[in-house]
Amino acid sequence: FPHGVAIAPDGKRVYVANMESNDISAIDPATHQVVAPIPTAAGPHRLTPSPDGKFLYVVNTDADQLTIIDTAQARQVRSVGVGRAPYDVVVAPGGAVVWVANAEAQHLQAIDSQSGKILATVPVTGSPHGLALTPDGKELWVANFNTDSVSIVDVVERKVVGTVPAGNGPHLILIRR
């Protein structure tokens with residue numbers, strides 16, 4: 001049950017989160033072949049690479065974990081416990097902070113990408129599903145499924161600075177650069 005897809009910054013790998021088999025398929029886009037299945041915790045859902053492509057961050061919805069994968073070794077190097085039902089993940093420009101949306105916990109978490117330490121927990125109004133950073137990295141926009149809204153988070157202050165009404169059940173969000 002493939003669920004999330006991410007492309008390495010250099011374009012040499014495509015990563016697919018497979019929720020039912022609890023792994024990531026690392027695919028060579030030139031040959032269209034899986035080069036490495038990478039085991040994760042239960043329910044890998046969404047994933048994103050670090051800006052330098054050395055790490056892959058995977059939220060595991062069924063295990064309430066963030067898995068950090070070393071892409072060169074194609075193996076897990078760290079697992080971080082997060083809130084209930086992590087649904088999406090983004091990495092701040094520069095790669096120092098990873099943001100996780102925890103749908104059932106109704107909050108976001110800012111996590112140090114090196115240590116795995118949770119730096120902040122930011123409550124939002126209702127089941128955060130999708131995350132997107134503005135091009136300058138100053139704001140994190142959050143699609144809140146249960147409240148039909150989008151929260152805007154100041155990433156420096158780590159707090160909600162605005163909420164915008166949206167259509168029924170916003171799921172994912174995209175900000176064009």
Side-chain angles (χ1 to χ4, degrees), residues 1-104 108-114 116 127-137 140-143 145 150 166-167 169-177:
F1 185 49
H3 207 75
V5 177
I7 300 171
D10 65 5
K12 294 182 180 178
R13 287 286 179 269
V14 175
Y15 300 99
V16 179
N18 303 305
M19 282 193 74
E20 296 296 319
S21 57
N22 299 321
D23 63 13
I24 303 299
S25 296
I27 300 169
D28 181 335
T31 65
H32 301 166
Q33 298 295 312
V34 174
V35 294
I38 307 167
T40 67
H45 193 264
R46 297 258 190 264
L47 63 170
T48 192
S50 60
D52 62 8
K54 292 180 180 180
F55 296 97
L56 186 65
Y57 301 95
V58 183
V59 287
N60 300 286
T61 302
D62 297 339
D64 301 334
Q65 290 182 351
L66 170 70
T67 299
I68 302 171
I69 293 169
D70 178 316
T71 58
Q73 296 181 26
R75 68 175 184 85
Q76 177 178 325
V77 293
R78 183 183 310 270
S79 182
V80 178
V82 295
R84 289 262 316 128
Y87 205 85
D88 202 2
V89 59
V90 294
V91 180
V97 178
V98 177
W99 286 89
V100 173
N102 298 304
E104 290 181 21
L108 313 174
Q109 288 175 306
I111 300 167
D112 182 284
S113 65
Q114 295 299 309
S127 199
H129 272 55
L131 300 175
L133 284 158
T134 55
D136 62 8
L140 178 64
W141 286 53
V142 185
F145 184 79
V150 174
H171 195 71
L172 295 175
I173 190 164
L174 173 67
I175 297 174
R176 291 273 184 197
R177 298 195 189 311

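If you're wondering where the values come from, they're calculated on a predicted model, not measured in any experiment.
Using a 4.5 Å heavy-atom threshold, the side chains of Pro128 and Leu108 count as touching. Contact check for Leu133 versus Ile175: no side-chain heavy atoms found under the 4.5 Å cut-off. Between Val58 and Val89, the closest side-chain pair of non-hydrogen atoms is not below 4.5 Å. No side-chain heavy atom of Asp23 sits under 4.5 Å from any side-chain heavy atom of Ile38. When side chains are defined from C-beta on, Val97 does not count as touching Ser113, because their heavy atoms never get closer than 4.5 Å. Using a 4.5 Å cut-off on side-chain heavy atoms (C-beta onward), Val82 and Ile111 make contact. Within the 4.5 Å cutoff, the side chain of Gln65 has no heavy atoms near those of the Val80 side chain. Looking at heavy atoms from C-beta onward, Phe55 lies in side-chain contact with Val77 at the 4.5 angstrom threshold.
Between the side chain of Asp88 and the main chain of Leu131, a donor-acceptor pair closer than 3.5 Å is present. A donor-acceptor pair under 3.5 Å links the side-chain atoms of Gln109 to the main chain of Gly83, judged by distance alone. Using modelled atom types, one side-chain atom of Asn22 and one backbone atom of Gly43 make a donor-acceptor pair closer than 3.5 Å. Listed for the Ser50 side chain is no donor-acceptor partner under 3.5 Å among the backbone atoms of Gly95.
One distance of note links CD1 of Ile68 with OG of Ser79; it measures 8.0 Å at 0.5 Å rounding. In this structure, CG in Leu140 is found 6.0 Å from CH2 in Trp99, a value given to the nearest 0.5 Å. Remark: His171 NE2 to Ser127 OG distance equals 9.5 Å, nearest 0.5 Å. Here CE of Met19 is found 9.5 Å from CZ of Arg46. Values are rounded to the nearest 0.5 Å. Summarising the geometry, atom CH2 belonging to Trp141 is positioned 6.5 Å from atom CD1 belonging to Ile173; distances are rounded to the nearest 0.5 Å. The CD atom of Glu20 sits 8.0 Å away from atom CG of Asp62, with the distance rounded to the nearest 0.5 Å.
Shown here for Ala17 and Pro44, the closest heavy-atom pair between the two residues is CB-O, 3.8 Å. Residues Pro86 and Val59 come closest through the heavy atom pair CB-CB, 3.8 Å. Between Ala74 and Ala36, the shortest heavy-atom contact is CB-CB, 4.0 Å. In terms of heavy-atom proximity, Ile24 sits nearest to Asn18 at C-ND2, 4.0 Å. Between Pro51 and Ala92, the shortest heavy-atom contact is CG-O, 4.1 Å. In plain terms, the two heavy atoms of Asp52 and Pro9 that are nearest each other are C-CG, 4.4 Å.
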Subject >> Test side-chain contact (heavy atoms from CB on, under 4.5 Å) applied to Asp70 and Lys54, step by step >> reply: CA-CA 6 Å; Asp70 178 316; Lys54 292 180 180 180; over 6 Å; no

**OP:** With side-chain contact (heavy atoms from CB on, under 4.5 Å) as the test, would you mind laying out the steps for Thr40 and Ile69 before giving the verdict?
**Re:** CA-CA 9 Å; Thr40 67; Ile69 293 169; 4.2 Å; yes

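No more than 12 heavy atoms of other residues, nucleotides or ligands sit less than 6.0 Å from atom CD1 of Ile7.
Note: His45 and Tyr87 have tilted aromatic rings, judged against thresholds of 30 and 60 degrees for the angle between ring planes.
Residues Asp64 and Arg84 are paired through a salt bridge, judged by an N-O separation under 4.0 Å between the basic side chain and the carboxylate.
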